[in-house]
Amino acid sequence: MTGGFCVPVLLAAWLAAAAAEGLEQAALPAEESRVQPMTASNWTLVMEGEWMLKFYAPWCPSCQQTDSEWETFAKNGETLQISVGKVDVIQEPGLSGRFFVTTLPAFFHAKDGIFRRYRGPGIYEDLQNYILEKKWQSVEPLTGWKSPASLTMSGMAGLFSISGKIWHLHNYFTVTLGIPAWCSYVFFIIATLVFGLFMGLILVVISECFCVPLPRASSERCEQEQRPQEAQGAEQLQDAEEEKDDSNEEENKDSLVDDEEEKEDLGDEDEAEEDEEEDNLAGIMDEERSDTNERCVVKEGSLSPKDDEAHPADAQEVVEDSLRQRKSQNANKGS
C-alpha cells in the first residue's frame, strides 16, 4: 500500500514542479530587441550621429532571413558606436517614399544627416566591416533632390502616405465589408472627381478674394482712356505709312533723275567721241590731200592732165567711205 501510494504522490510532485518551472520561464522577460522602430514621427533622429536603417515588410521572405543578422548587428551597436533602426513599409509608407524604396530589404547608412545606400548583403560580418573599415566613405551620398530631407522627397512621402491610406481603405472595403473590388474602384473614381471639383471651387474662391474686381466707373474711365490711346496709335501708324510712301516716291524720283543724268552724261560722252573722231578724220583728210598734192607735184612731168584730175577725186571718195563706216560704228555703239 505504501508503494502504490507513493507513485501517484511523486508523479503529482513532478507535475507541480514542471508547472512551476514553466511559470517561472514565462514570467522571465523576453530578451529586449536593440533595433529601434522608426516612424514618421521620430525618423528625424537619424539626422544626428551614425545610423543603419533597414526597410522591410512582414510578408517578405528575404527580409525574414536577415532578421536574426540584423538583431545581432544591433546588439553590437554600442561597441561599434552606431544606432540601428528598422522601418515597416506597410505601416510607414511615407518613410518608404521619403527614401524612395523600390526593393526589399533595403539598407541605408546615415552619418550626420548624409545618407548612403548600402547594397551589400545583410550579414552581420559584412555590416560590421562596413562600419569598422569605413567603407561607406567610398559610396556616393544621396544629395540634392534625392536626399530624404529635401523638399522633393517630402512631397514623395506625402504621395506614398496617401497611396498607403487608399490601399488600407480598399482592403477594408473588400476584406472586412466584403464589397466587390469593382465597386471599390468605382468609389475611388467618383471620389477623385468630386475632390478635383472641390479643389477647383476652392481655387476660384481664393482668386475671387484676392483679385478684387474694379468698380464700373473706374472700368469706364479705363475704357475711355484706352480709346484715345488706340486712336493715337492708329494715327501714328497712318503717319508712318505715309512717311514710308513719301520716302519711296522721293527715292523713285531720285533714281529717275540719276538715270536721266547718267543718260545725258553718256550722250555728252558720245558727242565728244564723235567730235574727236571728226577732228581725226579731218586731220587724216588734210594729210591725204597734202600727200596727193606732193605726188602730183612730183609726177607733173610724167602724168597727163586726166590723171591729175582723177587722183584727188579718188582720195575724197576713200575719205568719205571711212567717215561713213566710223559713223555707223558709233551709231551701233550708242544703240
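Just so you know, these numbers use all the heavy atoms, side chains as well, and skip hydrogens, waters and symmetry mates.
Hydrophobic cluster membership for Val204: none, as no Ile, Leu, Val, Met, Phe, Trp or Tyr side chain comes under 4.5 Å of it.
Judged by distance alone, the side chains of Thr39 and Ser41 do bring a donor and an acceptor atom under 3.5 Å apart.
Heavy-atom contacts from other residues, nucleotides or ligands closer than 6.0 Å to CZ of Phe188 number more than 12. Heavy atoms from other residues, nucleotides or ligands lying under 6.0 Å from CD of Glu140 number 12 at most.
Closest approach of Pro105 to Ser62, counting heavy atoms only: CD-CB, 3.7 Å. Taking every heavy atom of both residues into account, Trp51 and Glu48 meet most closely at NE1-O, 3.1 Å. Considering all non-hydrogen atoms of both residues, Leu80 and Ile131 come closest at O-CG2, 4.2 Å. Nearest heavy atoms, Ile90 versus Ala57: CG1-CB, 4.3 Å.
Sorted by first and then second residue, the pairs that involve residues 76-103 and meet salt bridge (charged side-chain N to carboxylate O under 4.0 Å, His left out), not counting sequence neighbours, are Arg34-Glu78. Counting only residues at least two apart or in different chains, side chain to side chain donor-acceptor pair (under 3.5 Å) contacts with residues 103-127 comprise Glu50-His109, Asn76-Tyr124, Thr103-Arg117, Tyr124-Gln128.
When side chains are defined from C-beta on, Met156 counts as touching Phe100, because their heavy atoms get closer than 4.5 Å. In this structure, the side chains of Leu104 and Tyr56 stay at 4.5 Å or more apart for every pair of heavy atoms. With a 4.5 Å cut-off on side-chain heavy atoms, Phe99 and Leu53 count as touching. Taking 4.5 Å as the limit, every side-chain heavy atom of Met153 sits out of range of all side-chain heavy atoms of Ser147.
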Verdict with supporting geometry, Glu69 and Leu127, side-chain contact (heavy atoms from CB on, under 4.5 Å):
CA-CA 9 Å; Glu69 299 288 339; Leu127 293 168; 5.6 Å; no
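The aromatic rings of Phe55 and Phe108 stand perpendicular to each other, their planes meeting at an angle above 60°, with 30° marking the opposite boundary.
Note: Trp70 and Phe73 meet the aromatic proximity criterion, with ring centroids under 6.0 Å apart.
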